[in-house]
Amino acid sequence: QVQLVESGGGLVQAGGSLRLSCAASGRTFSRHAMGWFRQAPGKEREFVAAISWGGGNTYYADAVKGRIVISRDNAKNTVYLQMNSLKPEDTAVYYCAARAFEVRRTLDYDYWGQGTKVTVSS
């Protein structure tokens with residue numbers, strides 16, 4: 001069992017930066033691939049970024065590539081999402097998710113956090 005708690009969301013102006021964190025409980029965190037997803041009002045939840053269980057492989061949606069970096073610290077049971085050059089279209093609730101072993105770009109994750117809201121003003 002893995003429990004996930006996101007933090008770091010807030011209101012930021014376009015062009016600004018935010019760093020989201022996702023703290024995980026459970027002894028098997030290091031064996032889980034981690035993903036970040038987002039859901040804007042009236043839209044479906046979509047993939048943002050993912051990282052392999054060892055941290056050696058990262059994956060990004062085209063819409064955020066070059067602006068967002070995912071990383072993890074297995075010693076701290078935490079995954080991060082550094083978001084730079086934010087745009088109003090990045091406004092959404094951001095969720096972290098965990099799944100055993102393999103990374104996925106789909107919603108096929110075993111555990112989900114409650115989400116943290118990011119609002120980017122123009």
Side-chain angles (χ1 to χ4, degrees):
Q1 189 80 5
V2 177
Q3 293 184 329
L4 305 171
V5 179
E6 302 96 334
S7 61
L11 173 64
V12 63
Q13 288 188 332
S17 298
L18 279 177
R19 188 195 197 200
L20 307 184
S21 299
C22 175
S25 64
R27 294 176 294 175
T28 60
F29 172 76
S30 62
R31 301 177 190 173
H32 285 75
M34 300 296 297
W36 283 96
F37 294 78
R38 66 186 182 186
Q39 188 166 15
K43 295 188 177 181
E44 294 184 349
R45 194 170 299 189
E46 64 178 3
F47 170 77
V48 175
I51 188 167
S52 59
W53 63 269
N57 295 299
T58 55
Y59 308 84
Y60 298 94
D62 289 342
V64 305
K65 201 172 293 183
R67 300 188 296 118
I68 287 180
V69 177
I70 187 171
S71 62
R72 67 188 295 163
D73 185 338
N74 285 344
K76 296 182 178 180
N77 278 14
T78 302
V79 63
Y80 305 97
L81 192 70
Q82 177 66 45
M83 304 191 296
N84 304 315
S85 302
L86 284 163
K87 305 175 181 180
E89 51 263 44
D90 293 319
T91 294
V93 177
Y94 284 71
Y95 300 89
C96 73
R99 72 183 314 279
F101 304 114
E102 295 180 356
V103 172
R104 289 283 191 271
R105 293 173 178 260
T106 62
L107 299 178
D108 184 22
Y109 279 67
D110 303 311
Y111 307 101
W112 291 85
Q114 293 300 307
T116 184
K117 187 174 182 180
V118 172
T119 303
V120 184
S121 64
S122 58

List the atom pairs, donor and acceptor, that lie under 3.5 Å between side-chain atoms in residues 65-72 and the rest of the protein, sequence neighbours left out.
residue : atom : partner : partner atom : Å
K65     : NZ   : D62     : OD1          : 3.3
R67     : NH1  : S85     : O            : 3.0
R67     : NH1  : D90     : OD2          : 2.7
R67     : NH2  : A63     : O            : 3.0
R67     : NH2  : D90     : OD1          : 3.0
R67     : NH2  : D90     : OD2          : 3.4
R72     : NE   : N74     : OD1          : 2.7
R72     : NH1  : H32     : O            : 2.8
R72     : NH1  : S52     : O            : 2.9
R72     : NH2  : F29     : O            : 3.0
R72     : NH2  : H32     : O            : 3.0
R72     : NH2  : N74     : OD1          : 3.2

CH2 (W36) and OH (Y80) are apart, to the nearest 0.5 Å, by 10.5 Å
### Query
Do any N or O atoms from the side chain of R105 and from the backbone of A49 form a donor-acceptor pair under 3.5 angstrom?
no
Besides Y95, the hydrophobic cluster formed by Ile, Leu, Val, Met, Phe, Trp and Tyr side chains linked at under 4.5 Å, directly or via other members, contains F37, F47, Y59, V93, V103, L107, Y109, W112
Sequence neighbours excluded, the answer for salt bridge (charged side-chain N to carboxylate O under 4.0 Å, His left out) partners of R31 is none
Applying salt bridge (charged side-chain N to carboxylate O under 4.0 Å, His left out) to E46 and not counting sequence neighbours gives R38
For [range], pull every pair meeting disulfide (SG to SG under 2.5 Å), keeping only residues two or more places apart or in separate chains.
range	value
residues 24-73	none
residues 32-89	none
residues 44-90	none

For S122, the side-chain contact (heavy atoms from CB on, under 4.5 Å) test, sequence neighbours excluded, returns P88
The complete set of salt bridge (charged side-chain N to carboxylate O under 4.0 Å, His left out) pairs with one or both residues in residues 107-122, sequence neighbours excluded, reads R99-D108
With sequence neighbours left out, the residues meeting side-chain hydrogen bond (donor to acceptor under 3.5 Å, both in side chains) with E89 are none
Side-chain atoms of residues 2-23: list all donor-acceptor pairs with protein atoms under 3.5 Å, sequence neighbours left out, distances to 0.1 Å.
residue : atom : partner : partner atom : Å
E6      : OE1  : Q114    : N            : 3.1
E6      : OE1  : G115    : N            : 2.9
E6      : OE2  : C96     : N            : 2.9
E6      : OE2  : G115    : N            : 3.2
S17     : OG   : N84     : OD1          : 3.0

### Query
If you group Ile, Leu, Val, Met, Phe, Trp and Tyr by side-chain heavy-atom gaps below 4.5 Å, do V64 and M83 land in one group?
yes
